[in-house]
Amino acid sequence: MNISVIPTIQEARVEELRRKTVIVIDVLRATSTMLAALASGCRAVIPVETVEQAKELQLPGHLLGGERGCRRIPGFDLGNSPLEYTPSVVGGSVLVMTTTNGTRAIRKAEQAGRILAGSLLNARACAGKALALGREIVILCSGTRDIFSLEDGLGAGAIVDELLSAYTGSGRQGDHLQVNDFGLAMLHAFRAANGNLEGALLACENGRRLVSLGFREDVAYCSRLNAIEAAPEIADGRLQLFPTLTSL
Ligand SMILES: O=C(O)[C@H](CS(=O)(=O)O)OP(=O)(O)O
Ligand SMILES: [Mg+2]
């Protein structure tokens, strides 16, 4: 089975995603925030590319969440901090979300066979679900305005690490996992950073910017490896939790 890690949205070629499982990564912060929302009882997340598209979906029972320039969009109910998405705020609601990178990456991946939302928070759950789906795996790093972001690479490396562990542990013979060179590079980067992922994220460009804007706790939250045992999947344009969610 082939595993490819792609550094940015721009480098993803849609025709190469078809019939594959694509895991979209935006560690700081979109997919981490989507996971937090679903873990807090949000019924579904609808990722959209533009503010206008989000406002068209401002229906009863829907909350608007997202950011531009890291800050909550005027008129929206929530920003892009995972710490805002608590059960009392989002429980039972549908969340319409637009961010600078993560929601754009999800939309780009929609030609894929199956799409999962991944981050450091749910690396193990994503690996398990992707292996169970039995398709070639593409891990798509959102990046930041089409520039590679290291935090996304660390998230991808964590998932590759979990894939290799799960696959070896399964005792499967014959077929083996083949990881592309960028994926191997991110695997080694993750293994070097593991043990102090919070420090690694704080040192990244986006981590430093979020700290300067007062979002240091967001960076700490997004660095919590495997804190959420769920691998949400996009179906009909909505991100939902299918299997049980066991912990936050
Ligand atoms: O909200 C975030 O942390 C970022 C903002 S920016 O792209 O780094 O300016 O957006 P995201 O779509 O979550 O990467
Ligand atoms: Mg990001």
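Whatever order the structure lists ligands and atoms in, that order sets their numbers, starting from 1.
For the pair Glu49 and Arg107, the salt-bridge criterion is not met [side-chain N within less than 4.0 Å of a carboxylate O]. A salt bridge does not link Glu67 with Arg72: every distance from a Lys NZ or Arg NE/NH1/NH2 to an Asp or Glu carboxylate oxygen is 4.0 Å or more. Ion pairing between Glu16 and Arg13 holds under the 4.0 Å rule for side-chain N and carboxylate O. For Glu151 and Arg29, the salt-bridge test fails: no basic side-chain N is under 4.0 Å from an acidic carboxylate O. Salt bridge status for Asp161 with Arg124: absent, with no side-chain N to carboxylate O gap under 4.0 Å.
The closest approach between any non-hydrogen atom of Ser142 and ligand 1 is not below 4.0 Å. Contact analysis leaves Arg104 out of contact with ligand 1, as no non-hydrogen atom separation drops below 4.0 angstrom. Using a 4.0 angstrom heavy-atom cutoff, Arg145 counts as in contact with ligand 1.
If you check the side chains of Ser32 and Asp26, you find no donor sitting under 3.5 Å from an acceptor. Looking at Ser81 and Asp218, their side chains do bring a donor and an acceptor atom within 3.5 Å of each other. Between the side chains of Glu229 and Asn122, no donor-acceptor pair is found at a separation under 3.5 Å.
In summary, the atoms of ligand 1 found under 4.0 Å from a heavy atom of Asp26, numbered by their order in the structure, are 11 (P), 12 (O), 13 (O), 14 (O). Atoms of ligand 1 found under 4.0 Å from any heavy atom of Ala30 (numbered from 1 in listed order, with element): 13 (O). Annotation for ligand 1: atoms under 4.0 Å from non-hydrogen atoms of Cys70 are 5 (C), 9 (O).
When non-hydrogen atoms are compared, ligand 1 lies under 4.0 Å from the backbone of Arg29 as well as from its side chain. Heavy atoms of Thr144 found under 4.0 angstrom from ligand 1 belong exclusively to the side chain.
At least one N, O or S atom of Asp26, from either the backbone or the side chain, sits less than 2.8 Å from the Mg ion (ligand 2). In summary, no N, O or S atom of Val27 is located under 2.8 Å from the Mg ion (ligand 2).
Backbone and side-chain nitrogen or oxygen atoms of Gly102 are examined, and one is located within less than 3.5 angstrom of a nitrogen or oxygen of ligand 1.
The heavy atom nearest to atom 12 (O) of ligand 1, considering only Thr98, Thr99, Thr33, Leu28, is found in Thr99.
Side-chain rings of Phe182 and Phe148 approach one another, their centers coming within less than 6.0 Å.
The protein heavy-atom contact nearest to atom 6 (S) of ligand 1 is Arg209 NH2, 3.4 Å.
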